[in-house]
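Reviewing the structure listed below.
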Amino acid sequence: MRVVDAAWQEWLSSNVARGCTPGSMIDAMVQAGFADGDARVAVHHAFDHHSADPAMAASVADPATQPYRYDAAPVARGNLIRADDRDVRVLLRCERPQLVVFADLLSVAECAELIERSRNRLNRSTTVNPLTGHEDVIRNRTSEGVWYRRGEDELIARIERRIESLTNWPLENGEGLQVLHYDTSGEYSPHFDFFAPDQPGSAVHTAQGGQRVATLIVYLNDVADGGETVFPAVGLSVAARAGGAVYFRYMNGERQLDPSSLHGGAPVLAGDKWIMTKWLRERAYG
Ligand code: PD2
Ligand code: ZN
């Protein structure tokens, strides 16, 4: 059996530094004759080591001095992507910020089932206070939500496998799914989904799983009016259509964070809005 010698250590750290995905590195090692389990352990150690290095602290890129470098997105190319058990259509791709809009990630029946099972379990949504790390209820986020544990039941597990395949990101690096409901006039003002790297309250949230690297928002109903997901830095808005989704990635392989990933949920002008959110982390979470 092959061993991870100095040459392979060098290969691991240089590939982590240039932004390769863990999956591609594991595949390459298996092809070179490593056992799958050994390759996974070596690659995960390389990522842990890299992000623990103080020189590799995550930081929000500064457009004037150190602009965010858009490395390759893990999402596959093409107009139709096979995501585990379902073909998902690509409607739009944007390079800056790195964003993909999908149609029909979920079936209408799956959307309806998620709404029905969440309706009676909703709690008022919170946001992370960057100073304290506490979850606070604030006026800028007027929604109610419910969290589902990873693999909680067959439906959740099936959707998570689909998301893993579509985003090309390990299932174990994902937070649980969250279903959110906004009533008419509900909104979520523009914010970043990553934890502010320079704020003391972030450490408690990044201690497990590291930084958030990307978000997938799935729309569970057609919103009658308003409720788009907006990206004000680039003037883009994504309309809510049942089963559709928007994926956006804001941390690259160098641990830079993209300030153009600023986004919000526009006020719902008529009807209500249901979404499901999946946040993806650098490393295994939970
Ligand atoms: O509801 C939305 O469209 C929305 C907008 C921005 C949701 C989130 N962020 C989120 O859940 O992070
Ligand atoms: Zn958000």
Side-chain angles (χ1 to χ4, degrees), residues 60 91-92 94 97-103 105-106 111 114-115 118 122-130 135-148 159 163 167 169 174-197 199 202 205-206 209 211-251 257-281 285:
V60 181
L91 295 181
L92 177 147
C94 174
Q98 196 170 73
L99 176 156
V100 189
V101 178
F102 301 104
L105 170 58
L106 299 187
C111 292
L114 283 166
I115 291 174
S118 304
L122 298 171
N123 293 305
R124 178 72 196 264
S125 302
T126 56
T127 43
V128 174
N129 180 320
E135 303 272 345
D136 292 346
V137 168
I138 56 162
R139 279 213 311 281
N140 306 5
R141 190 181 190 195
T142 50
S143 59
E144 304 167 301
V146 50
W147 284 95
Y148 290 92
I159 293 172
I163 291 174
T167 59
W169 203 252
E175 298 181 32
L177 284 168
Q178 190 185 31
V179 171
L180 285 175
H181 175 245
Y182 302 78
D183 255 321
T184 308
S185 86
E187 64 178 313
Y188 193 177
S189 40
H191 60 272
F192 298 111
D193 282 355
F194 54 75
F195 302 104
Q199 296 286 332
S202 297
H205 293 278
T206 54
Q211 186 52 272
R212 283 181 178 157
V213 296
T215 301
L216 181 79
I217 296 174
V218 187
Y219 305 102
L220 302 180
N221 71 328
D222 295 343
V223 177
D225 194 9
E228 304 90 345
T229 304
V230 296
F231 292 82
V234 286
L236 181 78
S237 69
V238 181
R241 182 168 182 277
V246 56
Y247 163 90
F248 50 102
R249 175 165 173 259
Y250 34 79
M251 194 171 101
L257 295 160
D258 184 5
S260 345
S261 67
L262 184 74
H263 65 287
V268 176
L269 301 176
D272 62 353
K273 170 180 170 187
W274 289 89
I275 61 163
M276 182 178 71
T277 305
K278 182 75 161 179
W279 285 294
L280 305 179
R281 296 294 192 106
Y285 178 86

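Along the sequence shown, residues carry numbers from 1. Ligands are counted one by one from 1 in listed order, and the atoms in each one are counted from 1 as well.
Y188 CE1, 3.7 Å is the protein heavy atom nearest to atom 10 (C) of ligand 1. Closest to atom 1 (O) of ligand 1 among all protein heavy atoms lies Y182 OH, 2.6 Å. Counting only heavy atoms of the protein, atom 11 (O) of ligand 1 lies nearest to T277 OG1, 3.3 Å. Here the protein heavy atom with the shortest distance to atom 6 (C) of ligand 1 is H263 CD2, 3.0 Å.
Atom OG in S118 sits 9.5 Å away from atom CE in M276 (nearest 0.5 Å). M251 CE to D258 CG: the interatomic distance, rounded to the nearest 0.5 Å, is 12.0 Å.
Smallest separation of non-hydrogen atoms from C111 and L220: CB-O, 3.3 Å. For S185 against P267, the heavy-atom pair with the smallest separation is O-CB, 4.4 Å. Counting all heavy atoms, side chain and backbone alike, P259 lies closest to F192 at O-CE2, 3.2 Å.
Polar contact check, D193 against ligand 1: a nitrogen or oxygen pair lies under 3.5 Å apart.
Listed by atom number, the atoms of ligand 1 under 4.0 Å from H191 heavy atoms are 6 (C), 9 (N), 12 (O). The atoms of ligand 1 that sit less than 4.0 Å from any heavy atom of I275 are 1 (O), 2 (C), 7 (C). Atoms of ligand 1 lying under 4.0 Å from at least one heavy atom of G265, given by number and element, are 2 (C), 3 (O), 5 (C), 6 (C). Residue I217 approaches ligand 1 through these ligand atoms, each under 4.0 Å from one of its heavy atoms: 4 (C), 7 (C), 8 (C).
Nearest N/O/S atom of H263 relative to the Zn ion (ligand 2): this is NE2. D193 contributes atom OD1 as its closest N/O/S atom to the Zn ion (ligand 2).
Ring orientation note: the planes of Y250 and F248 are tilted relative to one another, at an angle of 30° to 60°. Between H205 and F195, the ring planes are parallel. Angles under 30° get that label, and only those over 60° would be called perpendicular.
The main-chain N or O of W274 is found under 3.5 Å from a side-chain atom of N221 such that the two form a donor-acceptor pair.
By the criterion of a heavy-atom distance under 4.0 Å, the side chain of K273, and not its backbone, is placed next to ligand 1. Under 4.0 angstrom from ligand 1, the non-hydrogen atoms of W279 all belong to its side chain.
For the side chain to side chain contact (heavy atoms under 4.5 Å, CB included) with L114, the qualifying choice from L106, L177, I275 is L106, the only one to do so.
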